[in-house]
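Report on one structure; see the data block that follows.
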Amino acid sequence: MRKLLWLVLVLFVECFSFQLCIHGEPQVPCYFIFGDSFVDNGNNNNLPTLAKVNYLPYGMDFPAGPTGRFYNGLTPVDIIAEHLGFDNYIPPFATASDSEILKGLNYASGSAGIRDETGRNWGVNINFNKQIENHRKITSRVAGILGNKRSADDYLSKCLYTIVVGSNDYINNYFMPMYYDTSRKYSPGKYADVLIDQYSQNLRNLYLLGARIVSLQGLLPIGCTPNATHSYERRAAICVDSMNNAAYLFNQRLKSLADRLNQELSDAKFIYLNVFDIPLTQTSVPGLNVEISGCCEVTKNSLCIPNKATCQNRVLSLFWDGFHPSEAINKIIAGITYKAVLPFI
């Protein structure tokens, strides 16, 4: 019965997603994506890092197979692109051609964070600062294609920008004291302040590059991932409260930052997306196993073991691997995002 209820929820999301799909011209001329593995679609494939997943079972439900997406199927921004009416998914910056950049690019990189050093325990990544620098180069190319900077600025102001970043600054920084000293230097509240100060500068730089419609996804409850619940002390709780509390502090400040920027930069719209309350535990969503676990068998790094079998009912799983939610959750996130940005596009 509990599995049936969860299946009904998933089917509702499917129907909701179908109704949101737009036919004809896309609702925005281009879509730019910044962030980490939650939205990375292949930028890490040729980097010297353990944070890359261009192998099965990743991509087993994606039409092109393994591409570097950290899921069995679609990422949240793939689904958002469908809602917006794009014929194709937004390509990764690493492999995009000039003919593609006017539709937008995905700069996201697995293990990347707001801080430059975040995620380096996995190897090389493209941090948020570098992603914006990459976008700066692309805006120059857009100006060349359209003829001048004024035309490019006008064009880019009509595009949608999505940012999904910050999780790794906790998972692969603050809560890894064996690699980083941030938890010894900062209290959780002060660390959130430091992150938001840097985030604020990043957003102002993006604004100067023409961004005017920007969605800012808050953090999911990072203490409820299979990796967190298997690796950290829970003290009889379902999730790791210290991690969720830290994420909550970050989200509070991110929402305040969006409000502040909307006042200071009145010709732009920064849209905070609350995804913290999406149910990610077996007590809040019916149809789950007693233990929080992913759909694939994972390595010590909590990524899927190459070519291993996965759970049969992937639609009933909340997590794909040790870190990343399932495509079913991604559809919920995409629906929240699309509904929030729709009035401004």
Side-chain angles (χ1 to χ4, degrees), residues 20 22 24-35 39 76-77 80-81 83-86 90 93 100-108 114 128-166 192-193 195-219 250-275 333-345:
L20 289 177
I22 305 298
E25 286 298 311
Q27 292 179 291
V28 292
C30 48
Y31 184 25
F32 292 101
I33 299 138
F34 304 79
V39 287
V77 293
I80 294 167
H83 293 345
L84 291 169
F86 286 96
I90 304 303
F93 168 79
E100 294 176 304
I101 65 175
L102 287 182
K103 293 294 186 181
L105 291 176
N106 186 329
Y107 302 97
I114 299 166
F128 193 22
N129 283 319
K130 180 61 176 176
Q131 291 177 35
I132 292 179
E133 183 57 35
N134 288 339
H135 183 62
R136 185 186 306 276
K137 297 173 184 176
I138 291 299
T139 60
S140 296
R141 289 167 63 182
V142 170
I145 293 171
L146 297 182
N148 55 66
K149 185 178 184 299
R150 184 172 183 178
S151 296
D153 288 344
D154 181 65
Y155 183 81
L156 293 168
S157 71
K158 298 179 175 67
C159 302
L160 175 63
Y161 300 74
T162 286
I163 304 174
V164 183
V165 73
D193 290 336
L195 292 178
I196 292 299
D197 285 346
Q198 180 60 58
Y199 205 154
S200 175
Q201 186 58 55
N202 294 139
L203 294 177
R204 293 175 191 277
N205 290 338
L206 199 57
Y207 174 86
L208 293 175
L209 294 173
R212 293 296 182 271
I213 311 169
V214 187
S215 69
L216 310 173
Q217 182 176 306
L219 303 188
F250 176 88
N251 287 345
Q252 283 185 313
R253 287 157 173 78
L254 182 58
K255 183 179 185 302
S256 296
L257 173 61
D259 292 340
R260 186 165 68 250
L261 290 176
N262 284 330
Q263 291 181 340
E264 296 175 9
L265 307 173
S266 58
D267 62 331
K269 186 62 180 178
F270 295 87
I271 306 154
Y272 170 72
L273 304 171
N274 176 24
V275 296
I333 293 172
I336 290 171
T337 304
Y338 181 76
K339 181 179 179 182
V341 303
L342 187 57
F344 307 104
I345 59 178

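- Salt bridge status for R150 with D154: absent, with no side-chain N to carboxylate O gap under 4.0 Å.
- Among all heavy-atom pairs drawn from I101 and R141, the shortest one is CD1-CB, 3.8 Å.
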- Task: For side chain to side chain contact (heavy atoms under 4.5 Å, CB included), just list the numbers for L254 and L216, CA-CA rounded to whole Å, side-chain angles, deciding distance to a tenth of an Å, and then say yes or no.
- Result: CA-CA 8 Å; L254 182 58; L216 310 173; 4.2 Å; yes
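- Residues R204 and L261 are in side-chain contact: their nearest non-hydrogen atoms beyond the backbone lie under 4.5 Å apart.
- Residues V341 and S215 come closest through the heavy atom pair CG1-CB, 3.9 Å.
- Formation of a donor-acceptor pair under 3.5 Å by the N106 side chain with backbone atoms of V39 is found in this model.
- Under the 4.5 Å side-chain criterion, counting only non-hydrogen atoms from C-beta, I33 is not in contact with Y107.
- Partners of K130 under the salt bridge (charged side-chain N to carboxylate O under 4.0 Å, His left out) rule, at least two apart in sequence or in another chain, do not exist in this structure.
- Residue I336 holds its CD1 atom at 7.5 Å from CG of N274, rounded to the nearest 0.5 Å.
- Note on ring orientation: taking the six-membered ring where Trp is involved, the planes of F128 and Y199 are perpendicular (angle over 60°, cut-offs 30° and 60°).
- In this structure, OG in S200 is found 12.5 Å from CG in L195, a value given to the nearest 0.5 Å.
- A side-chain donor from one of Q201 and N205 sits under 3.5 Å from a side-chain acceptor of the other.
- Counting only heavy atoms from C-beta outward, the side chains of F32 and V214 never approach each other to under 4.5 Å.
- In terms of modelled atom types and a separation under 3.5 Å, the side chain of Q131 and the main chain of G35 share a donor-acceptor contact.
- Residues G85 and P26 come closest through the heavy atom pair O-CG, 3.8 Å.
- Put simply, OG1 on T139 and CG on L209 are 5.0 Å apart, with the number rounded to the nearest 0.5 Å.
- Note that CG of L257 and CD1 of I196 are 5.5 Å apart. Values are rounded to the nearest 0.5 Å.
- Put simply, CD1 on I213 and SG on C159 are 8.0 Å apart, with the number rounded to the nearest 0.5 Å.
- Closest of all the heavy-atom pairs between A152 and A143 is CB-CA, 3.6 Å.
- With N251 contributing its side chain and G218 its backbone, the two residues share no donor-acceptor pair below 3.5 Å.
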- Message: Before you tell me yes or no, could you show the steps for F93 and H135 under ring-ring contact (aromatic ring centres under 6.0 Å, His included), namely the whole-Å CA-CA distance, both residues' side-chain angles and the distance that decides it to 0.1 Å?
- Response: CA-CA 9 Å; F93 168 79; H135 183 62; 9.6 Å; no
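- Side-chain polar atoms of S151 and N148 form a donor-acceptor pair below 3.5 angstrom.
- At a threshold of 4.5 Å between non-hydrogen side-chain atoms, the residues V165 and F34 do not count as touching.
- For the pair L203 and I163, the minimum side-chain heavy-atom distance is below 4.5 Å.
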Could you pull out all donor-acceptor pairs under 3.5 Å where a side-chain atom in residues 265-273 meets a protein atom, sequence neighbours excluded?
residue, atom, partner, partner atom, Å
D267, OD1, Y207, OH, 2.6
D267, OD2, Y207, OH, 3.2
D267, OD2, R212, NE, 3.1

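- Under the salt bridge (charged side-chain N to carboxylate O under 4.0 Å, His left out) criterion, R260 pairs with no residue at all, not counting sequence neighbours.
- Taking CD1 of I138 as the start and CD of E133 as the end, the distance is 11.0 Å to the nearest 0.5 Å.
- Scanning for salt bridge (charged side-chain N to carboxylate O under 4.0 Å, His left out) contacts around E100 gives an empty result, with sequence neighbours left out.
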- Task: Test V275 against L219 for side chain to side chain contact (heavy atoms under 4.5 Å, CB included), laying out the working first.
- Result: CA-CA 7 Å; V275 296; L219 303 188; over 6 Å; no
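- With sequence neighbours left out, D153 forms a salt bridge (charged side-chain N to carboxylate O under 4.0 Å, His left out) with K149.
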- Task: Please lay out, stage by stage, how I132 and N134 fare under the test side chain to side chain contact (heavy atoms under 4.5 Å, CB included).
- Result: CA-CA 5 Å; I132 292 179; N134 288 339; over 6 Å; no
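- Between Q27 and L342, the shortest heavy-atom contact is NE2-CD1, 3.6 Å.
- For the pair V77 and I90, the minimum side-chain heavy-atom distance is 4.5 Å or more.
- At least one side-chain heavy atom of R253 sits under 4.5 Å from a side-chain heavy atom of D193.
- The two residues I333 and P76 come nearest to each other via the heavy atoms CG2-CB, 4.2 Å.
- Residues forming a side chain to side chain donor-acceptor pair (under 3.5 Å) with Y31 (at least two apart in sequence, or on another chain): T162.
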